[in-house]
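Hydrogens, waters and symmetry mates are skipped; everything else that's a heavy atom, side chains included, is used. This structure is a prediction, so every number in the text was calculated from the model and none was measured.
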Amino acid sequence: MSRHVAIVTDSTAYLPARATERHGITTVPLTVVLGDRALEEGTEISTRSLAQALQKRRPVTTSRPSPELFAETYRKVAESGATGIVSLHLSAELSGTYDAAVLAARRAPVPVRVVDTGMVAMALGFCALAAAEAADTGGTVDEAVTAAEKRAAGTAAYFYVDTLDFLRRGGRIGAAQALLGSALAVKPLLQLNGGRIEPLEKVRTASRAIARLEEIAADRAGGAPVDIAVHHLAAPDRAAALADRLRARVPGLAELHVSEVGAVIGAHTGPGLLGVVVSPR
């Protein structure tokens with residue numbers, strides 16, 4: 001690692017491999033517990049295996065990385081030449097990952113700034129990329145943190161799920177509990193707000209919900225330079241079609257990423273998820 005400030009994030013950022021390699025970003029995995037097996041996201045469980053388990057209603061839970069794993073990661077990054085670390089993670093409202101990182105940072109061999117981005121998926125990933133770009137140009141820890149926080153402040157994440165059942169079972173829906181009574185009659189659109197998953201709209205059909213998701217994302221993007229990510233779980237055709245439509249209607253589009261979410265987010269949303277992250281540059 002050639003630069004002095006290193007960037008660490010977690011596996012729920014779902015960054016493209018080429019991006020983590022180009023910027024030297026280190027990723028700490030969360031864990032998916034499938035039955036009695038604890039499996040690292042990204043290496044030990046595929047989204048296909050997860051989707052099959054969810055469809056069969058097998059018990060699936062998730063777990064944060066341990067403080068010990070973070071401590072080992074910080075030690076290795078420091079040994080690679082970093083004199084400071086910015087550690088960026090998914091919303092503390094959704095996971096204990098941030099808390100585990102804070103505990104480990106206290107005994108790291110170099111200064112570590114741990115940031116609760118309030119984000120998840122590529123909403124987190126875009127924050128990590130902003131911090132890495134600042135570090136790549138010689139930025140300090142403070143400058144990298146500022147770049148990430150600025151990106152987070154402008155980023156929005158919206159998503160459609162076929163059912164709220166998985167979010168309910170995982171205890172991740174917060175204010176979206178208000179939708180449960182009518183979940184069978186509507187297709188919910190949700191958003192990240194203040195680090196929490198909250199209801200956005202209730203739409204009667206899946207096709208209309210996906211059309212509204214597109215409209216909301218395009219309106220949020222406007223005409224300024226913007227990066228967009230389209231996420232899905234076991235819905236590649238829907239995601240590709242949505243990405244094509246956004247590509248056609250967002251004039252300031254800079255980068256467009258299309259990817260399947262990993263097992264941790266998938267465990268809480270279920271198959272059929274479509275998500276759109278809009279992140280102004």
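- Looking at every heavy atom in both residues, A229 comes nearest to M122 through CB-CB, 3.5 Å.
- A salt bridge (Lys or Arg N to Asp or Glu O under 4.0 Å) with E214 holds for exactly one of R238, R245, R208; it is R245.
- In this structure, the ring of F70 has its center less than 6.0 angstrom from the ring center of H89.
- Within the 4.5 Å cutoff, the side chain of E133 has heavy atoms near those of the H23 side chain.
- Counting only heavy atoms from C-beta outward, the side chains of D244 and L242 never approach each other to under 4.5 Å.
- A 4.5 Å side-chain heavy-atom check between T155 and L124 finds every atom pair outside the cut-off.
- When side chains are defined from C-beta on, I197 counts as touching L192, because their heavy atoms get closer than 4.5 Å.
- The CG atom of L200 sits 14.5 Å away from the OH atom of Y160 when rounded to the nearest 0.5 Å.
- The minimum heavy-atom distance between P251 and G222, with the atom names listed, is CD-O, 3.7 Å.
- Separation of atoms CG (L39) and OG1 (T62) is listed at 12.5 Å; rounding is to 0.5 Å.
- A side chain to side chain contact (heavy atoms under 4.5 Å, CB included) with I228 is found for one member of L256, V258, V277 and no other, namely L256.
- The main-chain N or O of D162 is found under 3.5 Å from a side-chain atom of K187 such that the two form a donor-acceptor pair.
- At least one donor-acceptor pair closer than 3.5 Å links the side chain of R151 to the backbone N or O of P280.
- Under the 4.5 Å side-chain heavy-atom criterion for Ile, Leu, Val, Met, Phe, Trp and Tyr, V77 and L103 are members of distinct hydrophobic clusters.
- When all heavy atoms of T97 and S95 are compared, the pair lying nearest together is OG1-OG, 2.7 Å.
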E79 and K76: CA distance, side-chain angles, deciding distance, salt bridge (Lys or Arg N to Asp or Glu O under 4.0 Å) verdict: CA-CA 5 Å; E79 288 177 352; K76 289 180 177 178; over 6 Å; no
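- Smallest separation of non-hydrogen atoms from V278 and A217: CG2-O, 3.8 Å.
- A heavy-atom distance below 4.5 Å is not found between the side chains of H232 and V261.
- In this model, no donor atom of one side chain and acceptor atom of the other lie less than 3.5 Å apart for S87 and Y98.
- For the atom pair CZ of F159 and CG of L233, the computed distance is 12.5 Å after rounding to the nearest 0.5 Å.
- Between V161 and L274, the closest side-chain pair of non-hydrogen atoms is not below 4.5 Å.
- Among all heavy-atom pairs drawn from H4 and G81, the shortest one is ND1-O, 4.3 Å.
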E40 vs L30, side-chain contact (heavy atoms from CB on, under 4.5 Å): CA-CA, chis, key distance, verdict: CA-CA 6 Å; E40 284 190 356; L30 275 73; over 6 Å; no
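- R196 and S91 form no side-chain donor-acceptor contact under 3.5 Å, judged by distance and modelled atom types alone.
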Derivation of the side-chain contact (heavy atoms from CB on, under 4.5 Å) call for V226 and V250: CA-CA 9 Å; V226 64; V250 177; 3.8 Å; yes
Residues V86, V8; criterion side-chain contact (heavy atoms from CB on, under 4.5 Å); working and verdict: CA-CA 6 Å; V86 177; V8 172; over 6 Å; no
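- With values rounded to the nearest 0.5 angstrom, D10 atom CG is found 12.5 Å from T26 atom OG1.
- Between E143 and G138, the closest heavy-atom pair is OE1-O, 4.4 Å.
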side-chain hydrogen bond (donor to acceptor under 3.5 Å, both in side chains) evaluation trace for T140 with D142: CA-CA 5 Å; T140 64; D142 286 345; 5.2 Å; no
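- Expressed to the nearest 0.5 Å, how far CG of L15 lies from CD1 of I7 amounts to 11.5 Å.
- Contact of the E201 side chain with the Y158 side chain is not registered, since no non-hydrogen atoms from C-beta on lie closer than 4.5 Å.
- The side-chain heavy atoms of E255 and R281, taken from C-beta on, include a pair separated by under 4.5 Å.
- The aromatic rings of Y14 and H231 sit perpendicular, their planes meeting at an angle over 60°, well past the 30° parallel limit.
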Worked check of side-chain contact (heavy atoms from CB on, under 4.5 Å) between R247 and L253: CA-CA 7 Å; R247 191 179 286 111; L253 183 62; 4.1 Å; yes
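- When hydrophobic clusters are built by joining Ile, Leu, Val, Met, Phe, Trp and Tyr residues whose side-chain heavy atoms come closer than 4.5 Å, directly or via intermediates, V102 is grouped together with V112.
- From S279, atom OG reaches atom CZ of R220 across 9.5 Å, with rounding to the nearest 0.5 Å.
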CA sep, side-chain torsions, deciding dist, call: E21, R18, salt bridge (Lys or Arg N to Asp or Glu O under 4.0 Å): CA-CA 5 Å; E21 293 167 4; R18 64 184 182 278; over 6 Å; no
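- Hydrophobic clustering places V203 together with I216 (ILVMFWY residues linked when any side-chain heavy atoms are closer than 4.5 Å, directly or through intermediates).
- For the pairing with V5, the side chain to side chain contact (heavy atoms under 4.5 Å, CB included) check across V110, V141, I85 returns one residue only, V141.
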